[in-house]
K.L.:
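Next up is a structure, given as C-alpha cells.
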Amino acid sequence: MASSLDVHVRICGQEIIKYDLEIKALIQDIRECPGPQSALMELNAQVKEKFNQLRLRIQDLEQMSREQDKETDRLTIQTETESQRRQMLSNQTAWRKANLACKLAIDNMEMDELLHRGESPTTRQRKATKESLVQTSSDITESLMSISRMMSEQVMQSEDTIGTLATSSRTVQETNEEFKSMTGTIHLGRKLILKYNRRELTDKLLIFLALALFLATVLYILKKRLFPFI
C-alpha cells in the first residue's frame, strides 16, 4: 500500500511540474502577444484552465501527505506542497504583470491607430479590450485570494504539526529519563546481588571451617578415650 502511494506521489509531482512549465510558457506568450484582443483572451483562458488543474493537483498532493504512515514522509510532502503553492503564487503575480504589460502595448497600438486613422471601430475595440483586461485582473485577484487562503490553512496545519512534534519530543524525553532511572536501579541491584553472593560464599566457607574444627575436635576426643596409649 505504501509503495502504491509513493508512486501516486511521484506522478502527482510530475504533473505539477508539467502544469507549472506550461503556465510559464503561456505567460511568456502573453508578454509577447501583439494582439488582437481575441488572442489575448484565448491565452488568458488557457492560463486559467492550467491554474485550475495545478491547484487541484496541489490539493491532491496535500491529501497524500495526510495519508503517509511515516512522520518524516508526511513532513517532506507537506514541505513540497508549500513550495508548489509559493511557486503558483509567483506565477499568478507574473500572469498579472504580463497582462498589464500586454494591455499597455495594446493601448499604445490603438492610440497610434486612432491618431492615424481616427476610426471609431478601433475606439470600440479599445473599450472592449479594457473591459476584458479588467475582468482578467479581477479573476487573477480572486485566484490570488484563494491561494492566500490555502496558504493560511497550510500554516495552521503546520502549527498543529509542530505542536504534535513538541508533545512527542517531551514524551520521548520523559521516557528517556525513566530509562535512565531504571538503569540506575538495575545497576544498584546488580551491586547488591554481587555483594550478597560474596557474603554467601564467605558464610559457606566459615560454616565449612567450623564443621571441620568440630569434626577434628570429635576425632581428638574419641582418640583420647579409645586409644589413650597412642
Side-chain angles (χ1 to χ4, degrees), residues 1-33 39-105 131-170:
M1 181 65 180
S3 177
S4 176
L5 189 59
D6 291 342
V7 171
H8 289 308
V9 170
R10 287 196 296 271
I11 293 175
C12 184
Q14 292 172 358
E15 291 182 354
I16 289 174
I17 293 174
K18 183 191 74 170
Y19 291 138
D20 178 72
L21 294 176
E22 290 176 349
I23 288 172
K24 284 181 169 61
L26 288 171
I27 291 174
Q28 184 63 32
D29 291 341
I30 291 175
R31 290 194 186 99
E32 299 173 355
C33 178
L40 178 61
M41 291 177 63
E42 182 179 354
L43 288 172
N44 280 318
Q46 293 178 25
V47 173
K48 190 172 184 179
E49 180 183 359
K50 295 299 180 182
F51 268 119
N52 289 333
Q53 294 172 339
L54 177 61
R55 188 178 297 108
L56 290 176
R57 297 310 288 158
I58 291 176
Q59 290 174 354
D60 291 341
L61 188 63
E62 181 180 10
Q63 178 61 33
M64 291 177 191
S65 71
R66 301 192 186 101
E67 298 173 358
Q68 294 294 318
D69 296 330
K70 294 182 179 179
E71 184 70 14
T72 54
D73 293 342
R74 185 169 67 87
L75 292 177
T76 299
I77 298 176
Q78 283 184 350
T79 301
E80 177 64 20
T81 303
E82 288 252 9
S83 176
Q84 294 298 339
R85 278 205 179 95
R86 288 193 294 270
Q87 183 61 44
M88 183 169 63
L89 181 61
S90 176
N91 286 336
Q92 289 275 8
T93 303
W95 181 27
R96 187 172 185 175
K97 290 181 179 179
N99 269 280
L100 291 176
C102 185
K103 174 183 177 300
L104 180 61
E131 291 177 352
S132 175
L133 289 174
V134 168
Q135 181 62 38
T136 301
S137 178
S138 176
D139 292 341
I140 295 174
T141 302
E142 183 179 354
S143 298
L144 289 172
M145 291 178 64
S146 176
I147 294 174
S148 178
R149 288 193 296 269
M150 291 170 61
M151 294 185 69
S152 177
E153 293 175 358
Q154 185 63 31
V155 168
M156 294 178 63
Q157 292 177 0
S158 298
E159 290 176 353
D160 293 340
T161 301
I162 292 173
T164 302
L165 289 175
T167 303
S168 300
S169 178
R170 286 194 298 270

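Nothing fancy with the numbering, it's 1 onward along the sequence. Given the structure is predicted, the values throughout are model-derived calculations rather than measurements.
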K.L.:
Should Gln14 and Lys18 count as side-chain neighbours, where that means a heavy-atom distance under 4.5 Å?
P.N.:
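With C-beta onward as the side chain, the pair stays apart.
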K.L.:
Testing Thr76, Leu75, Val9 for side chain to side chain contact (heavy atoms under 4.5 Å, CB included) with Gln68, which one passes?
P.N.:
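Of the listed options, the one satisfying the test is Val9.
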K.L.:
Tell me the closest heavy-atom pair linking Ser65 and Ile77, and the distance in Å.
P.N.:
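Of all heavy-atom pairs spanning Ser65 and Ile77, the closest is CB-CG2, 3.5 Å.
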K.L.:
If you measure from CG on Asp60 to CD on Gln63, what distance do you get to the nearest 0.5 Å?
P.N.:
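Going from the CG atom of Asp60 to the CD atom of Gln63 covers 8.5 Å.
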K.L.:
Report yes if the side chains of Glu62 and Arg66 come closer than 4.5 Å at any heavy-atom pair, otherwise no.
P.N.:
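With C-beta onward as the side chain, the pair touches.
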K.L.:
Given side chains that start at C-beta, do those of Leu26 and Trp95 come closer than 4.5 Å, heavy atoms only?
P.N.:
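The answer is no, as the side chains (C-beta and beyond) never meet within the 4.5 Å cut-off.
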K.L.:
Rounded to the nearest 0.5 Å, how far does CG of Leu61 lie from OG1 of Thr81?
P.N.:
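Going from the OG1 atom of Thr81 to the CG atom of Leu61 covers 3.5 Å.
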K.L.:
Quick one: CD1 on Ile27 to SG on Cys33, what's the gap to the nearest 0.5 Å?
P.N.:
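Result: 14.0 Å between the selected atoms.
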K.L.:
List the steps, then state whether salt bridge (charged side-chain N to carboxylate O under 4.0 Å, His left out) holds for Arg85 with Glu82.
P.N.:
CA-CA 5 Å; Arg85 278 205 179 95; Glu82 288 252 9; 5.9 Å; no
K.L.:
How about Leu100 and Leu104: do any of their side-chain heavy atoms sit closer than 4.5 Å?
P.N.:
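In short, these two side chains do not touch, never coming nearer than 4.5 Å.
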K.L.:
Would you say the side-chain atoms of Asn99 and Arg96 include a donor-acceptor pair closer than 3.5 Å?
P.N.:
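Result is no, nothing qualifies.
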K.L.:
Who are the salt bridge (Lys or Arg N to Asp or Glu O under 4.0 Å) partners of Asp20, not counting sequence neighbours?
P.N.:
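Asp20 satisfies salt bridge (Lys or Arg N to Asp or Glu O under 4.0 Å) with Lys24 only.
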K.L.:
Could you tell me the separation between the CD1 atom of Ile16 and the CD1 atom of Ile11, rounded to the nearest 0.5 Å?
P.N.:
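These two atoms lie 12.5 Å from each other.
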K.L.:
Would you say the side chains of Glu80 and Gln84 form a donor-acceptor pair under 3.5 Å?
P.N.:
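Yes, Gln84 and Glu80 have a side-chain donor paired with an acceptor closer than 3.5 Å.
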K.L.:
Hey, what do you get for CZ (Arg74) to OG1 (Thr79), rounding to the nearest 0.5 Å?
P.N.:
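Rounded to the nearest 0.5 Å, the CZ-OG1 separation comes out at 10.5 Å.
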K.L.:
Does Phe51 reach the side chain of Asn91, with side-chain heavy atoms less than 4.5 Å apart?
P.N.:
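Yes; the side chains approach each other to less than 4.5 Å.
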